[in-house]
Number of protein chains: 2
Amino acid sequence: MVDERDKSLVKWLGETSLFVGMEEQHLRDLSGIAMVVSYKRRATIFSEGDPGNGFYLVKDGKVKIFMISPDGKEQILHIFGPGNPFGEVPVFAGQSFPAHAVALENSRLVFLPRDDFVALVGVNPALALNLLATLSQRLRQFTKMIDALSLKEVPGRLAAHLLYLSEKQAAGDYLQLELSKTQLASLLGTIPETLSRMLSKLQREGLIVIEGGSISIVDREGLEELAEIGKF
Amino acid sequence: MVDERDKSLVKWLGETSLFVGMEEQHLRDLSGIAMVVSYKRRATIFSEGDPGNGFYLVKDGKVKIFMISPDGKEQILHIFGPGNPFGEVPVFAGQSFPAHAVALENSRLVFLPRDDFVALVGVNPALALNLLATLSQRLRQFTKMIDALSLKEVPGRLAAHLLYLSEKQAAGDYLQLELSKTQLASLLGTIPETLSRMLSKLQREGLIVIEGGSISIVDREGLEELAEIGKF
DNA sequence: GATTATCATTGACTTAAGTCAAACTGACTG
DNA sequence: CAGTCAGTTTGACTTAAGTCAATGATAATC
């Protein structure tokens, strides 16, 4: 017997990019092994080195994946929201989680246990191809991040991020930072003081106008050039 | 009819980590769509932005995957040798290659065309799982590289790399750099001058002894601490 | 084997960005 | 609503690492 909650989980799973287009029966199988778990804001979901017994989908809320140095500096790898999967690496590569995961807001997650899930992948090529697409996309993002960290200076990374947000939010030249400036600094591989100075600098140079966590792009071409060249 | 060359290609494919354990028939299917291509030292295999119509396996030789900034600074992402696959991202994520590939030595590569290969993945779950393991492993490596670039200083990255080489080469405290120092600098996200100074510094501090491209580890614990903490 | 390139090293200098400290804002909590 | 605490901004300073330039060492090629 399938109750209302299970039915809605099946429907929800079928709408995530990972499972889109999968047959009803396969989605029911997935839903059969899935567990919904809740985490409060700031709660740790897993830590680097923890054994990976499964992976997660964000049902609602927001999760950050990050690394931290011995002296406490943090580098955010990803911010994941509704529909995004995370923590897949140990499912397929074995070993433990390579980074930490913390809830940025009160969040509900769908947990999929490793062994059951791998068995489903083995009999479902469409699922395997979706996973390959997801991991490949992730590799592409990491490639861009390495490029940014190694070959671009902070203003260039910031400009690229503002353009990314502008495209994603599709609200013309107006955009929301979506994160606290401390967290944004960590995502861009810098510290809050430097981010603050660089935002001021972009404003001073006439590229943007800052209103708290909202930004208006004034000179899009200038920002694009900065993002491309990576420095002033 | 299968000639001697095809037979050996099937055998070779079956020994690569990507295709290990696959059935003979599937290996023959793979070999049927594979093309062996040769590249001279320094030849470009593909460039960032090129459409990805397939991916490659290194048969022999050595290939570097890298990005380059507008002013010419290079960041190496990977060095691949015999048996390693590369260029898979556009096969599964669509779009174009996210980085450049150049032969570091005269090399022979096995090219696998995208559409034929994806069709094989769709009917061969074991292949899909091997691919997922490979891409996951790649994500783990990139995570480490981002961690190093963002949270460790050059001496820390260098120490970690020396320990990695030592483990890989399994020759006690003696190791070969395997790359020119210019290329190693690019792999570590720095420049030759800085690498040269840092190698001297590690020697001066009594952690290693340098003899050209060969290094002897003198103080392994010191190196490990440096790699862990990321700075002196 | 002489001659180019390419690569490696060293020194002097510059600079992007981090550190430390202080002031300021705002927001949640008791 | 007072008070603490997290986040932001600004200023003064330090520093890791890059740039530029010169020299030395290898190695490749004709």
Side-chain angles (χ1 to χ4, degrees), chain A residues 40-42 64 68-76 102 104-106 148-159 177-205 208 210-215 226 229-232, chain B residues 40-42 64 69-76 102 104-106 148-159 176-205 208 210-215 226 229-232:
Chain A
K40 289 230 170 74
R41 182 173 144 88
R42 284 166 209 268
K64 74 170 169 185
I68 202 154
S69 71
D71 58 341
K73 196 190 167 193
E74 175 188 281
Q75 170 68 47
I76 296 180
V102 162
L104 282 181
E105 306 170 356
N106 293 339
L149 287 172
S150 175
L151 303 177
K152 294 182 191 336
E153 298 178 354
V154 175
R157 293 179 226 159
L158 174 55
L177 291 184
E178 294 183 2
L179 290 174
S180 74
K181 287 174 183 172
T182 302
Q183 294 296 289
L184 179 56
S186 168
L187 183 64
L188 297 180
T190 184
I191 57 173
E193 294 95 318
T194 299
L195 177 63
S196 182
R197 288 183 237 271
M198 295 312 165
L199 277 168
S200 304
K201 187 164 184 188
L202 293 196
Q203 179 162 247
R204 212 174 331 114
E205 301 276 341
I208 61 174
I210 309 167
E211 302 135 279
S214 303
I215 307 277
L226 178 54
I229 299 184
K231 60 171 114 174
F232 272 106
Chain B
K40 288 228 170 75
R41 182 173 144 88
R42 285 167 208 268
K64 73 170 169 184
S69 71
D71 58 340
K73 196 190 167 194
E74 173 188 282
Q75 171 68 47
I76 296 179
V102 161
L104 282 181
E105 307 169 354
N106 293 339
L149 286 172
S150 176
L151 303 176
K152 293 181 190 339
E153 298 178 354
V154 175
R157 291 179 227 160
L158 174 55
Q176 304 290 325
L177 291 184
E178 294 184 0
L179 290 173
S180 74
K181 288 177 183 170
T182 302
Q183 295 295 288
L184 179 56
S186 168
L187 184 64
L188 296 179
T190 186
I191 56 172
E193 293 95 318
T194 299
L195 177 63
S196 182
R197 289 184 236 271
M198 295 312 165
L199 277 168
S200 303
K201 188 166 184 188
L202 293 195
Q203 179 163 247
R204 210 174 331 114
E205 302 277 340
I208 61 174
I210 309 167
E211 302 137 280
S214 303
I215 307 277
L226 178 54
I229 298 184
K231 62 171 112 174
F232 271 108

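Letters A, B, ... are given to chains in the order of the sequence lines, protein chains preceding strands, and every chain is numbered from 1. All values reported here derive from a predicted model rather than from experimental measurement.
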Restricting to non-hydrogen atoms, name the atom on A/Q75 and the atom on B/S150 that form the minimum distance, rounded to 0.1 Å.
OE1-OG, 2.6 Å
B/R157 and B/A148 have their tightest heavy-atom pair at NE-O, 3.3 Å
Expressed in angstrom and rounded to an integer, what is the separation of [X] atom [atom1] from [N] atom [atom2]?
X      : N      : atom1 : atom2 : result
B/L202 : D/dA16 : CG    : P     : 14 Å
A/Q203 : D/dT9  : CD    : C1'   : 13 Å
B/L104 : C/dC7  : CG    : P     : 11 Å
A/L199 : D/dT10 : CG    : P     : 10 Å
B/E211 : C/dA8  : CD    : C1'   : 17 Å
B/R204 : C/dT9  : CZ    : P     : 13 Å
A/I229 : C/dA16 : CD1   : C1'   : 17 Å

Set of salt bridge (charged side-chain N to carboxylate O under 4.0 Å, His left out) partners for B/E205, sequence neighbours left out
none
List for me each residue that meets salt bridge (charged side-chain N to carboxylate O under 4.0 Å, His left out) alongside B/K73, sequence neighbours excluded, and say none if there are none.
none
Among all residues two or more places apart in sequence or in another chain, which pass the side-chain contact (heavy atoms from CB on, under 4.5 Å) test with [X]?
X      : result
A/R42  : none
B/E153 : B/P155, B/K231
B/A159 : B/L223, B/L226, B/A227

So, do B/I229 and A/D71 sit near enough that their side-chain heavy atoms are less than 4.5 Å apart?
no
Hey, does A/I68 have a side-chain heavy atom less than 4.5 Å from the side chain of B/L151?
no
Return all side-chain donor-acceptor pairs below 3.5 angstrom for residues 180-196 of chain B, not counting sequence neighbours, or 'none' if the list is empty.
unit_1, atom_1, unit_2, atom_2, d
B/S180, OG, B/Q183, N, 3.1
B/K181, NZ, B/G212, O, 3.2
B/Q183, OE1, B/K64, NZ, 3.0
B/S186, OG, B/E74, O, 3.1
B/S186, OG, B/E74, OE2, 3.0
B/S186, OG, B/I76, N, 3.2

Please list, by residue number, the residues of residues 176-187 of chain B whose heavy atoms come closer than 4.0 Å to an atom of DNA chain C; answer none if no residue qualifies.
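B/S180, B/K181, B/T182, in order of number.
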Run the side-chain contact (heavy atoms from CB on, under 4.5 Å) check on A/I215 and A/L202 step by step: do they pass?
CA-CA 11 Å; A/I215 307 277; A/L202 293 196; over 6 Å; no
Could you work out how much the helix from C/dG1-D/dC30 to C/dG30-D/dC1 bends, comparing the axis of its first five pairs with that of its last five, to 10°?
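Between the axes fitted at each end of the helix from C/dG1-D/dC30 to C/dG30-D/dC1 lies an angle of 50°.
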Between the protein and nucleotides 17-19 of chain C, are there any N/O to N/O pairs under 3.5 Å, and if so, what are the atom names and distances?
unit_1, atom_1, unit_2, atom_2, d
C/dA17, OP1, A/V154, N, 2.8
C/dG18, OP2, A/T190, OG1, 2.5
C/dG18, OP2, A/T194, OG1, 2.9
C/dT19, O4, A/R197, NH2, 3.0

Taking only residues two or more places apart in sequence, or in another chain, which ones meet B/S214 in a side-chain hydrogen bond (donor to acceptor under 3.5 Å, both in side chains)?
B/Y174, B/Q176
B/E105 side chain to B/R41 main-chain N or O, any donor-acceptor pair under 3.5 Å?
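Checked: no pair found.
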Measure all distances between protein nitrogen or oxygen atoms and nitrogen or oxygen atoms of nucleotides 25-30 of chain D, and list the pairs falling under 3.5 Å.
none

Has B/S200 got a side-chain N or O lying under 4.0 Å from the OP1 or OP2 atom of C/dT9?
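Indeed not, no polar side-chain atom of B/S200 lies that close.
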